[in-house]
Every structure is written in structure tokens, then in C-alpha cells.
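Data block below; observations after.
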Amino acid sequence: MKERLDHKELEERIAKFWEDEGIYSFRNDGPDKVYSIDTPPPTISGLIHLGHAFSYSQADFVARYKRMRGYNVFYPFGFDNNGIPTELFVEKTYGTTAEKEGREKFIGLVGGETAKFAEMYKSTWRSIGISVDWSLLYNTISEEVQKITQLSFIKLYRMGREYRMLLPTIWCPKEGTALSQMELKDKSLKSRFVTISFSDQIKIATTRPELLPACVAIFVNPDDTKNSVHVGKIVKVPIFGHEVKVIADRRVDMSKGTGMVMCCTFGDLTDIEWYKAYGLELKIVMDRHGKMLPEYFGGRKVREAREFVIEDLRKRGCIVDEKEIVHSVNVHERCGTEIEFLVKKQWFVKYLDMKQKLIELGRELEWNPKYMQVRYENWVNGLQWDWAISRQRLYGIPFPVWYCKKCDAPILALESDLPVNPMKDMPKSKCENCGSSEYVPEEDIFDTWATSSLTPLINARWGLDGKYMDSVYPMSLRPQAHDIISFWLFTTLVKCYLHTGKIPWKSVLISGHGLDSKGMPMHKSAGNIIEPRVVIEKYGADSLRHWASLSKLGDDASFQEKDVTSGARLVNKLWNTARFISMNDGKPEVKTRIMDRWIASRATAVMEKVTEMMEEYNYSGAKREADAFFWFFCDNYVEFIKYRLYGGDRSPIKTLREVFLIIIKMQAPFMPYITEEVYQELYMKQEGCKSIHISKWPGRGDMLVDPDALAAGDEAQKVIAYIRQWKHDRKIALNAEISEVVASKDFGELEADIRGAMNIRKLSKGHATSKVEGTDVSIEIMQ
RNA sequence: GGGCUCGUAGUCCAAUGGUAAGACAUCGCCUUCACACGGCGGAGACCGGAGUUCGAUUCUCCGCGGGCCCACCA
């Protein structure tokens, strides 16, 4: 074995071996002993950072452990290239927009970009040593996934779980496109705050006087003694003359303006809240490009209409106050345009009536860590609206639906035709409602969560050939981070339950985030991204995984280079121990001594503890135990038996090899490369297994438990530690010879071990006064 | 504002109803034939307050500070 380990060479060679040998291949031969994992598909947005390495490693610890426990592990991988981050990323890369390119062409661009990045992502995940079966790869914009998403829509509709309702959406009037909240930013803008007199007593301050024609109500705070007297009154809107009611609501800030506010459909998000809460009238005054409709202010643009209406109001004597203010408004981050709201019919999944059931389903899941369940329940309890699944965007999966031109009834695509694009394809049937064959296509696309919420079914190939449905669904595990319990976890539970009547997984594993060294999330904009590749090149993948293994499940962890360094040291130590064993190889003798049975018994105890922790998904506890035992083994047992080996006694070899095998098996889920290398060097032939990762996890009965040896060995170890300290206090080299030690007891067989370990010429029983702490033994040392 | 969570040596963190393990850094000793990417040893810590208890770092409450999610921000 080489003196120095070259982790780059090692990782390339071993990763290739795993792939060539299909070590992580899933065998689709029935549900027996299957462990299936609903891997999170990373978003394709051009970024891979240590946060990914952190959470994916944690799921991989579980996958590798289960594989060694004899499970047929179903561990797929997916790419999420269906969402807005991908869209924005591709738009930026090509300097274009989905609007400009059109849906078909843009999906083509995404496809090319995904293929490019998929290779990069794949190579990163491979080098981290994530043991997925790459033949189970999916991506969320693929034809197959489009088909599944559309099928889900059609089935839910037929179940009566979906409906359409008018809802405002955030809109960029400049680009004429719907926006997500992700695309908004705050901007401080100067604005004119004008106070308009509706009547003698009703004065309202607003920055949006042009929305006067869309005014549908006036709000005051019920605690506002001055203004609340007007509650219930009917007021005429200036210029337009329509009548609106004064309503009390706590969302009104009494200190702003006059304490009275007009609600228009729609000027801001509060207007939407009120509109929904009080079932107000809908008055649309603006088109999709931010122009007033022709009947209002002659179809002027918003800003011009504002000037126009202020002038008009002034002439009528309705302006009672006017001042410049600076306030924060939402703008489109790409072009800086102030957003508007556009009202459109949207699709909803109805689930508010299922709250109680959803709580119960959540309780059927095994939550790790347990407290994460509370977050889920709080979310479900706080739900106020059904789930809006349509988005007015171009890029994404289209709805498989057209509408009857005459009666607006939906015309669904045939399941056998999926996936369809209603903008290109034509419906096969006439309107079920009125028999008309004229139709208009749905232009909206699905919200990304409408697709992500199907990953267990996508993995099982539901709606396709369904070939994994029996063997992998419900899945054993959903690993994911805590920030999307309310999105991914919740929506998956909803949809999969509706489709299958079962919860989609047995357990969930909620990980934290890998943060930078200061505890900040890694973001491109923060400039604190560290790529896994960089760390792997410097320290190796095992070392990076070591860092990920140290933090408790669910906890965020800041990236500490020292933890990676200590991982590298551990790898080095494992390698050198293996070298030591290979140097002292040869035919082992069957006979053992107390010291051997001592370390073997200790190893068994540690093994049992580690196994128990792994079963509870407490990988960090398991890793700490395994690490601690390995260092203990090196510093004590290996040091204690050297005198025997050097003296030509081969009796420790058997134990040395057996215990070290346990050690590398406990480390295998965490440090797959070094353990594989050592296994192949030392144990492959003996065990008749080509990879440690499919070898058997040691169990009760494989190893010795000898309580007498355990007690005697512990005592000897403490005596040796005492003598070490004694030598140390006198600044004597640890291997320096001691002429005599007198002890209060006869160590029997262990006498030779103590003498050997500490280089003592004579060890005898006699009167001694220095007590060795933690034992009943007293000793006297004579230099 | 609400929910959850965290707050331990210079730094990062572990466990625990009876004052606390480890890693990095630091200091001292040891160049012993697997490993100086090593060994041995030293110094160094439980956010503040109240309560429960014989006893709290550990349990409860309050406060302060950090994180995540939600709500709010005419």
C-alpha cells in the first residue's frame, strides 16, 4: 500500500468502479426489502454550492446505511428545470425573455441549457459520492413529467377538487407579463400624496387618484374614534359618482393620511385582501400594459391619467391637501417598473375542507426531527385560501384545457393524448355543456409546485408505465430542508394523498442549511458561494462529507474549514491504520488474549450504539461515536499490541483485522471512498464481496462480548494512562524504559501487556500507595 | 406581530436534573520502526433574570440576541 493517499486519483478510480459495477443499481423485483428515497430535485439555475453538498450528503448517509442493511435501495435523481429560477437563469444566459421567444422555442433553450448543466451537476453529485442510481433520472420539464402533471390536473378536476375563480395577479405593465414575488424588489419612490374630499366629512389621502373609478369601498379602523362614526355610511365617489360603503377593518393605519383609505381593485395587496374578505365588487379600469381602459381618462397611461385626474379634481375643488412623499413600492426587479394587478380567472385546488384530514395524515408520518411536525401543523391550521395552481407566465407546463367560446365551460384533453399544448393542439371533443365546437385555449401554465408535488408519483412512473408503483410507493423517505415544509412537503402530501389515498412516504428527514463560515446562506448576490468542487479538490469528498456529518439533523451548519481538515486527518489515519495492518498481515492465529477480547467487546458495544443511532436517523451521533472509537482504538489497542507483533507474536492479528473492519463499516456511509479502498485492499477477498457499500452491516452475534475482559482491559488501560502521565510529568520519553512498577494487585495475563505497552522491565505485586483514578489499583513506579 | 428553533471555552460544536466531551487555535513535552496530516499533557466555556427542585447548563416562564417560515408594510 502506498505511503501517501492521493484523494483525487482515489476518488476518480473508485467513482468509476461504482458506476461500472452498478453498485447503486435498483433491482425492480418487487416490494420486498425496498428502501425508496424521494430525492429533492435541485433547481437548475447555474448554482451549486456547499449547501447542496451538506443536505444531499445527509440523505446519502441514510441511503448507504440502508444498502448495507440489505435493503434494495431506490435512490433516484431529478433536475427541477420547470420553475422560475430556471426561466430567469436561461433568460439571463441568452439575453432574451420567454415572452420574446415563445413557449416552444424557450423550452428548447431550457432543454439545451439543462443538458449542459445536468452534466455539471451530475459530475458534482457523483464526486461528492451521492449514491444515486443515475438510470432513474428525471427532469421536471420533460414530456413524461408534463404528462404526469397534466394527468394529475385532469384527475383532480374529475374528482371535483379543482375550480376556477377570479384572482388578481402581480403584473409588470411594461413587459406585459405576470410576475412572481421572487421577481419583485422594493424601491423608494417619490410620490404625490393627495387628499381628496369625497364629502364634507370624508377626506381620503392617496397616491393613486387615477384609481378613483375602481374605488369599491372606504375603510376606517374600528378603534378610530373620529372616523369610525362614518362606518356604514354610503359615500359618492367624486367625478364618477358611484356609491361605496364605509367599512371598519383593523388593517387600516389610523396615523396615515386622514385615517381613511379607499379600496380600489386593485392598487395594492391590501386591496386584494379586502376584496376577498368583504366580497367587494370588481371594477377593472386598466389593461395589461398599464393603460387605463378607453372609458376612463381616454385610455391614458397611468401616470398621465394621474396628472389628469388631479387637475380635474382641483377644478372641482375636491383637492384639500397635496404633498410630496417618499414611500417604498414594489417594482419589477428586471426593469424597475412599478407593478400593477391584473385580474384573471385562475385554477385552484380545493383543500381547505381537508384541513383536519391533512393534519391527521401529517401525524401518520415519522418526522425527523420530531419538532418539525409542529411547523407543518401550524401551516395547515393557518391556511386561508385554496391552492392557486395557475400562473400567467409563458415558461412551464401548460394546462391541458380549452374553454368553450360560447359558454366558457372547460374542455379537457383526453388522457391518452397527454401531454398536450392547447395553444397548438385542438380539443378532440365538443363542449359538453352546450355542444359548441368553438374554443379558446388556456394560456396559463402550472405553478412549479403543482409538478414538484408529484415527485413520489413521478419516481414511481405513475401515469406512464407505472412500473415502480408497486415496489417503491409509498416511498420510505422524503429528505428535504426545513424551509419548504409548507411548500414541497405539504403540497406533495395533498396531491399524492388525493391520487392514491395513501401518504406518499413513511418518514421524512428534514435537514438544515449549509451556510457560509459566518452563518449566512450562500447566495450569488452575497458573493459567498463556495463550490463543493473547490473543497473536494483540496481535501477530498470524504472530508467534505465529514463536515456534513457533524451537525445534528435539522440544524443549520456554518461551513468550517477546520471540520473539513479534521476529516482529512481522519482519512489519513484510516489509511495509515490500514497500512499498519497490511504490514502485519500473514496467517492470523486463532488464540486471543484479554486485551484482544477487551477491544473486541468494546467494538461490539460501539457498533450496537451506532446501529441504534443510525436507525433513528441520528447520523451525527453515530458518526461521533464511530470517530471517537477509532481514535481510541489507535491510541490504545494498536499501541498496546505493538510489543507483541514486534516480538513475532501473531495472535493480535485476528482481532486487529476484525475490529478495524467494524470501524470502516461504521465509517462507510460517511466516508465512502477511503473505506472502499481499504476494504478492497484488506477485506474484499475474505468477505467475498466486491464493495463495502453492498457488504453486510455488522450485527449482534458477529462479534464477541466478554464482560470479564471488558472490565480487566479498562483497568489495564487506565493503569497505562497513569504511567503515561507519570512519564510525562517527569519529561521522560513515553518509550523510555522503567525499571520496576509495584502494583497492589496481580494483573495476571495483562501484566505482559502493561509492561509491553509502557516498556517496564519488572511489574510485581506489592505494597503501593498511589491510587489510579477510576480503579481499585494502587501502584508505585521506580525509574 | 405569530409559530418553530438556536444561544456552551478565542472559534465551531456535543452530551447531560448532580458544574461539561471533542475539533481548530494556543502553550508544554515527545523526531518511538502505520501515521508529525502523529503521540502525550496543560490552560480555557454553559446569554441575563425568575420559578420548580435537595440540586439546573439541562425542565417552566420572562427578557435579550441569531435563524427559518408565516403575517404585516394604503
With the side chain of [X] defined as its heavy atoms from C-beta on, choose the nearest nucleotide among [options].
X	options	result
A/R569	B/C68, B/C24, B/A34	B/C24
A/M583	B/G67, B/A34, B/C37	B/A34
A/R724	B/C69, B/C37, B/C40	B/C40
A/W631	B/C69, B/G38, B/A74	B/G38
A/D635	B/G67, B/C40, B/C70	B/C40
A/R624	B/C4, B/C35, B/C13	B/C13

What distance, rounded to whole Å, do you find between the two [atom1] atoms, one in [N] and one in [M]?
N	M	atom1	value
B/G44	B/C13	C1'	15 Å
B/U5	B/C73	C1'	25 Å
B/U16	B/C69	C1'	31 Å
B/U31	B/G38	C1'	10 Å
B/A25	B/G42	C1'	15 Å
B/A45	B/U19	P	16 Å
B/C40	B/A36	P	15 Å
B/U53	B/G63	P	23 Å

Any side-chain donor near an acceptor of the partner, [X] and [Y], under 3.5 Å:
X	Y	answer
A/Q560	A/S558	yes
A/H49	A/N528	no
A/R569	A/N572	no

Practice task
Just jot down the ring-ring contact (aromatic ring centres under 6.0 Å, His included) partners of A/Y619, sequence neighbours excluded, or say none.
Solution key: A/F61
Fill in the blank from the handout: Comparing nearest nucleotides in RNA chain B, the 5'-proximal residue of the pair A/T577, A/T565 is A/T565
Exercise for the section: Take A/P521 and A/N618, find for each the nucleotide of RNA chain B with the closest heavy atom, and name the residue whose nucleotide sits nearer the 5' end. Expected result: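 Nearest nucleotide further toward 5': that of A/N618.
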Practice task
Would you check if A/K623 and A/Q667 make a side-chain contact, meaning some heavy-atom pair closer than 4.5 Å?
Solution key: yes
Exercise for the section: Report yes or no: is there a donor-acceptor pair, N or O only, under 3.5 Å between the side chain of A/E639 and the base of B/A34? Expected result: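 Yes, the side chain and the base share a sub-3.5 Å donor-acceptor pair.
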Exercise for the section: Would you state whether a donor and an acceptor, one from the side chain of A/K552 and one from the base of B/A15, lie under 3.5 Å apart? Expected result: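 It does not, because no donor-acceptor pair links the side chain of A/K552 to the base of B/A15 below 3.5 Å.
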Strand partner of [N], provided both Watson-Crick or wobble distances fall under 3.5 Å:
N	result
B/G65	B/C6
B/G28	B/C40
B/G55	none
B/G22	B/C12
B/C33	none
B/C72	none

OP1, OP2 of [N] versus side-chain N and O of [X]: anything below 4.0 Å?
X	N	answer
A/K642	B/A34	yes
A/K573	B/G39	yes
A/Y275	B/A74	no

Handout entry: Gap between atom OG1 of A/T577 and atom CZ of A/F660 - 0.5 Å precision
Key =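 It is 5.0 Å, given to the nearest 0.5 Å.
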Handout entry: Heavy-atom closest contact (A/M613 atom, A/G621 atom, distance)
Key = SD-C, 3.4 Å
Using nucleotides 7-12 of chain B, report all nitrogen or oxygen pairs with the protein that are shorter than 3.5 Å.
from	atom 1	to	atom 2	distance (Å)
B/C12	O2	A/K562	NZ	3.1

Exercise for the section: Classify the angle between the aromatic ring planes of A/F266 and A/F341 as parallel (below 30°), tilted (30 to 60°) or perpendicular (above 60°). Expected result: perpendicular
Exercise for the section: Just say parallel, tilted or perpendicular for the rings of A/Y351 and A/F490, cut-offs at 30° and 60°. Expected result: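 Perpendicular: the ring planes of A/Y351 and A/F490 meet at over 60°.
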